[in-house]
Amino acid sequence: MTPAGSSTVFSDELARAADAASYAAGGYEDRDYRIAGHRIRVRLAGPPTLQRLLSALDHLRVAQAGEPELVVAVCEIDGEMPHGPWQNAVLAGGAVRGDLPHGGFFLAHDGALTVFDRARAAGYYWQERGLWNRRHPLYPLSPILGDWLGARGVYLVPAAAVGNERGSVLLAGAPGSGKSHAMHACVRGGLRYIGDDACLLDAGETTLLRSVYRTTHASRRTLDLMQHLAPLSAGADWTSAGGYETIFLDDHAPAALMTEAPLSAIGIVEQFSGPRSRVRAATSGDALAALAPWALRNVPGAGQPMLEQLARVVGATPAVHLECGTDPAGIATAVEGLL
Amino acid sequence: MSRFRPNSPPVVHETVGDETIIVNLDAGVYYALNSSGSRLWIELERGVQVAELVDDVARQSGASADEVEAAVRAFIDTLVAEDLVVEAENGDQPGAPSVTWPTGTGFTAPALERYTDMQELLLLDPIHDIGVGGWAEER
């Protein structure tokens with residue numbers, strides 16, 4: 001496998017390498033998911049470590065039927081990763097990202113490699129044997145889903161979402177702004193969650209928020225203020241580098257999770273030092289600034305078309321600054337008022 | 001200083017309402033323009049000559065041409081310093097001013113708000129983009 005080789009030959013070789021990994025693992029275990037209305041197949045070649053990585057998608061799993069629209073092979077590998085142009089880069093750290101000339105991308109990061117061949121709708125995720133990637137436990141699918149769904153008008157956005165039978169509110173903001181905290185407060189107050197770290201913004205005729213991962217996260221502050229969450233933690237393996245506990249909330253309260261709802265409003269989450277929460281008007285520009293830069297950063301190759309679509313949705317959706325006080329009940333009340 | 005265009009890629013931009021959001025995807029820095037800045041941005045993107053732009057804004061707003069020119073030049077200097085615009089090439093089509101400015105209320109100076117929180121995260125967890133130079137041509 002040579003960096004200087006044709007990229008289509010390279011894709012063929014990746015497919016063969018994935019097949020070889022699956023042979024070594026005793027064959028693929030195929031799992032089908034319905035994500036934002038699309039049938040997506042994950043071909044799993046590896047031990048329980050990899051299966052755990054996919055548990056965040058369990059709620060979207062469906063029985064196998066028919067041909068999938070997108071196939072992603074998820075493999076562990078002993079020894080060297082498949083060779084590619086990323087090995088030419090001299091790195092101080094972090095990820096290496098690049099485009100495939102015939103459409104798609106590669107992303108090498110923390111002992112893992114993601115490749116997406118857009119023309120073949122084929123994705124690959126390789127991981128060094130035994131690696132448990134605490135920094136990015138959802139890494140296998142996010143870049144691929146972001147790219148593939150984005151081409152279909154469904155955008156993977158790093159925001160939380162809550163709702164009820166009337167609609168949903170997208171909780172946007174920079175990392176650390178308190179989106180997860182607000183989401184947990186809303187669920188405690190009787191609303192349901194669609195996503196925490198990420199959700200899908202389906203920019204169809206009616207804009208929908210759709211679920212992608214069922215995992216939620218809680219900071220130390222959240223656990224202090226909502227002590228019922230502490231016993232629900234998935235454990236140290238799932239604790240992020242930033243100290244956030246992972247909680248599979250729907251394992252403990254299945255009704256807390258909903259898979260989609262029409263978008264009613266955007267709340268720009270901000271911390272407020274007092275006990276009470278309050279809502280004040282935001283402009284579309286405020287909402288776009290709170291959402292779009294982070295969304296663009298997370299999807300390889302995202303650019304002007306995605307920004308234009310996000311702006312179109314944001315421009316048609318009421319937006320507020322959601323100043324979250326220390327009393328969780330007040331946060332839920334404020335958000336419910338937007339539905 | 002004649003004409004400018006957005007430095008795209010890596011710069012992406014979109015106007016919603018009377019605000020513009022600009023993101024430099026390479027630097028991880030994003031910006032918000034106020035209403036005046038958005039109007040100027042739209043005109044620059046259309047390839048309007050700076051001198052023509054200054055005349056048009058001064059005429060519509062009732063402000064003095066000197067005041068408008070100083071503000072527009074300072075604004076463009078900032079955009080250039082932030083790598084958000086570059087000088088347009090000769091081949092780019094020039095455009096005519098098309099934006100309506102508030103009349104009789106004077107000229108509000110353009111303002112650019114700069115946000116670096118995403119850049120700070122990128123520095124902690126950098127992503128190195130590499131080109132496709134390693135690939136041979138498709139056969």
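Excluded from the calculations below are hydrogen atoms, water molecules and symmetry mates; all remaining heavy atoms, backbone and side chain alike, are included. Computed from a prediction, not measured in an experiment: that's the story for all the values here.
- For residues 306-316 of chain A, the interface with chain B (any heavy-atom pair closer than 4.5 Å) comprises A:Leu307, A:Glu308, A:Ala311, sorted by residue number.
- Neither the backbone nor the side chain of A:Pro300 comes within contact range of chain B; no heavy atoms are under 4.5 Å apart.
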*Take A:Asp196 and A:Lys179, measure what salt bridge (charged side-chain N to carboxylate O under 4.0 Å, His left out) needs, and give me the verdict at the end.*
CA-CA 7 Å; A:Asp196 181 6; A:Lys179 300 186 292 294; over 6 Å; no

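- Within the structure, the salt bridge (Lys or Arg N to Asp or Glu O under 4.0 Å) test picks out the following pairs touching residues 50-61 of chain B (sequence neighbours left out): B:Asp56-B:Arg59.
- With B:Ser38 as the fixed residue, the side chain to side chain donor-acceptor pair (under 3.5 Å) test singles out one of B:Thr15, B:Thr20, B:Asp18: B:Thr20.
- Between B:Tyr30 and A:Trp294, the ring planes lie perpendicular to each other; the angle is over 60°, past the 30° to 60° tilted range.
- For the pair B:Arg39 and B:Trp41, the cation does not sit on the ring face, since its NZ or CZ is not both under 6.0 Å from the ring centre and inside 45° of the axis.
- Taking CG from A:Leu113 and OH from A:Tyr124, the interatomic distance works out to 11.5 Å, rounded to the nearest 0.5 Å.
- A salt bridge does not link B:Arg5 to B:Glu45: none of the charged side-chain nitrogens sits closer than 4.0 Å to a carboxylate oxygen.
- In terms of heavy-atom pairs under 4.5 angstrom with chain B, the leader among A:Gly285, A:Pro175, A:Pro293 is A:Pro293.
- For A:Ala302, the part lying under 4.5 angstrom from a heavy atom of chain B is the backbone only.
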